[in-house]
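Working notes for the structure below.
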Amino acid sequence: MDIIDIINKKRLKQELTREEISFAVNGYIDGTVKDYQMSSLLMAIVLNGMTDRESIDLTDIMLHSGDVIDLSNIDGIIVDKHSTGGVGDKVTLVFAPLLASLGIKIAKMSGRGLGHTGGTIDKLESIEGFNTKLSQEEFIKQVNDINIAIVSQSGNLVPADKKIYALRDVTGTVESIPLIASSIMSKKIASGADIIIIDLKVGSGALIKNLEDAHELSRIMVKIGEIYKKTVICMLTNMDQPLGYAVGNSLEVQESINTLKGDGPSDLLEVVISLCSIIVGAVKKISNEEAKNLLFKQLNNGEAYNKFVEFVNRQGGDINKIKISDKVIYIKSEVSGYINRIDALKIGEIVKKLGAGRNTLDDEIDYGVGIVLSKKVGDYVEKDEELLKVYMSDKDVSLNEILDCYKIDKQLDKPIKTILDIVN
Ligand code: URA
């Protein structure tokens, strides 16, 4: 077999066999297929797509490129969640302890932030002492003992995705439905849970910009899940503005704590409750309405927050030691009007520039910096009223760059919906 023939075949829009996909992926891992050849094949896939059969084979080949986690020693139904990446996306920090407080098992491997979106592991590591590296035995024991553990991805989990994703990131080949589907599903299936719920972000601050692509991605991910007998649910949620008010690691942990104490922003709460109620309804065999009531009860009676504290302590963290920068700049509106847009992508990029994100996985990040919005889309702001606060350290951002994120008009545009659809 020759990699050039495989590239040419995809360039000519022909369907690749399983053997050809395996030759390319495994050859890339062992170095016989070079970066430039893999980049070329990836670009041909971006441009010409893949059939469902090719996407399914690609997922399976990537899945078996490394460890597959065996969670059979955990009793009960195990839930995992994945987000396709958003700005201010602290959903896991609330979702996981909230479900765990109801006896549902959360065994989750999370990632670090890359690009303009944050990652759960960075957020958890902003809590002093928090250990995101547990052995597989410790991980399983913790889930059996307290229903929840969140760790960073094991070194050898889907190494094919690690290598291919890094290449996609620098070759303009991230935005492809079959490549995204196989990347996400190979990791989720290798992680071993029974129910996989995917928060598929849609909008200007997300990888997927429109509903049509979101539906197509959901369809193929649900189909891949069926092959491995996994329940896959995709919830399409809005990412046209940051989720909640806080963007930045420690600031997002603080907002999550408030939410777990029953005092969360309405959009964050809506996403969390919608995701959790599907799981609670399915596991406890109760109606969605009953599930929602149960979830609100856990937020209001302190159980969800107590579970978060127990989880943080168990992984070595101290909830009272979350460092937030004390260098705060207040930014006021230059005009009066309705806020019709807060560009999530630009806000994410500014927060990254402040030091909250990294350009390469080796960069050090500054946990205490970020932005806290004072207003959201749909709110009215007076001239000179506070629009947001910037928590900074030694890196500057320009006022104009921040104000450019906003569109403020005399008229209010159509309100934006938080939950766009559910596919399962
Ligand atoms: N998230 C992933 O894990 N992989 C992709 O390709 C895109 C988003």
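These numbers come from the heavy atoms of this one structure, side chains and all, not from hydrogens, waters or symmetry mates. Order of appearance sets the numbers: ligands from 1, and atoms from 1 within every ligand.
- Of the possible polar contacts, none joining the Lys230 side chain to the Tyr228 backbone as a donor-acceptor pair under 3.5 Å is found.
- Using a 4.0 Å cut-off between heavy atoms, Asp161 makes no contact with ligand 1 at all.
- Within ligand 1, counting atoms from 1 as listed, the ones closer than 4.0 Å to a heavy atom of Lys187 are 2 (C), 3 (O), 4 (N).
- Considering Thr120, Ile121, Leu275 as possible partners of Thr92, the one that fulfils the side chain to side chain contact (heavy atoms under 4.5 Å, CB included) test is Thr120.
- Relative to atom 6 (O) of ligand 1, the option among Arg168, His82, Met185 with the closest non-hydrogen atom is Arg168.
- Close contacts between ligand 1 and Ser183 involve ligand atoms 2 (C), 3 (O), 4 (N), 5 (C), 6 (O) [criterion: under 4.0 Å to a heavy atom].
- Counting atoms of ligand 1 from 1 in the listed order, those under 4.0 Å from a heavy atom of Ile184 are 1 (N), 2 (C), 3 (O), 4 (N).
- In this structure, Asp60 contributes its side chain and Ile56 its backbone to no donor-acceptor pair below 3.5 Å.
- Side chain of Glu290 to backbone of Ser287: a donor-acceptor contact under 3.5 angstrom is found.
- Those atoms of ligand 1 with a heavy atom of Leu207 less than 4.0 angstrom away are 7 (C), 8 (C).
- For Lys10 and Glu54, the salt-bridge test passes: some basic side-chain N is under 4.0 Å from an acidic carboxylate O.
- The contact set between ligand 1 and Tyr165, taken as ligand atoms under 4.0 Å from a residue heavy atom, comprises 4 (N), 5 (C), 6 (O), 7 (C).
- Between Phe23 and Tyr28, the distance from one ring center to the other does not fall under 6.0 angstrom.
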